[in-house]
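All chains are named by letter (A, B, ...) in the order of the sequence lines, taking the proteins before the strands, and each is independently numbered beginning at 1.
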Amino acid sequence: MGYWLMKSEPDVFGLEHLKKMPNKTEHWDGVRNYQARNFMRDGMKVGDQILFYHSNCEVPGIVGIAQVVREAYPDHTAFDPEAKYHDPKSDPENPRWYMVDVQYVRHLKRNISLHELKGHAEQLPDFPLLRKGNRLSVIPVSEQAWKYILDLE
DNA sequence: GCCAACGTTGGC
DNA sequence: GCCAACGTTGGC
């Protein structure tokens, strides 16, 4: 079983939004970073668990859990000239960007803020979120880090 | 709103 | 292939 962390801006699409979607499921479109794409396309499997992280907000941190319910397929929003994340270099014959479908699992009993996580940096040596300048929106999480973080809950 | 970090673009 | 310019992310 794989573990991941995905960032989202709660003002744009937060965990509450995901919970209210039909089937509590939404496609994770708009990823336009090659490293993040590769993690989604090559790494994510159905059933993988996701730490849902809120960024760019009052208290950035992990707020809940989601899971992968569909493996990577072309992000069609890249083909649409009207779409915010349109990419003229991506087309249906040769898609450049991919997305997965993500389903709401649950909120954490309490939010685990970035600030709090920083206090556990020693126990989370490989946790990319704590690295300076980290901007990836899709990040693999080790099983140890997954368990450690959920034990904080 | 500021700014550091970092990815991408494009001229050469 | 180098690197300056530029755009974006995201914490603060």
Taken in chain and number order and not counting sequence neighbours, the residues that satisfy ring-ring contact (aromatic ring centres under 6.0 Å, His included) with A:F13 are A:H17
Residues 42-57 of chain A vs salt bridge (charged side-chain N to carboxylate O under 4.0 Å, His left out), sequence neighbours excluded, gives none
Outermost contacting nts on DNA chain C, any atom under 4.0 Å from chain A heavy atoms, listed 5' then 3', are C:dG7 to C:dC12
Residue pairs meeting salt bridge (charged side-chain N to carboxylate O under 4.0 Å, His left out), one or both in residues 98-108 of chain A, sequence neighbours left out, come to A:R106-A:E153
The ring-ring contact (aromatic ring centres under 6.0 Å, His included) partners of A:H86 (sequence neighbours excluded) come to none
So, with a heavy-atom separation below 4.0 Å from DNA chain C, the residues of residues 55-65 of chain A are A:S55, A:N56, A:P60
Residues at least two apart in sequence or cross-chain that pass salt bridge (Lys or Arg N to Asp or Glu O under 4.0 Å) with A:R110, listed by chain then number, are A:E116
With a 3.5 Å cut-off and sequence neighbours excluded, list the donor-acceptor pairs that the side chains of residues 142-151 of chain A form with protein atoms.
| from | atom 1 | to | atom 2 | distance (Å) |
| --- | --- | --- | --- | --- |
| A:S142 | OG | A:A145 | N | 3.0 |
| A:E143 | OE2 | A:K147 | NZ | 3.0 |
| A:Y148 | OH | A:H120 | ND1 | 2.7 |

Residue set satisfying salt bridge (Lys or Arg N to Asp or Glu O under 4.0 Å) with A:R131, at least two apart, ordered chain then number -> none
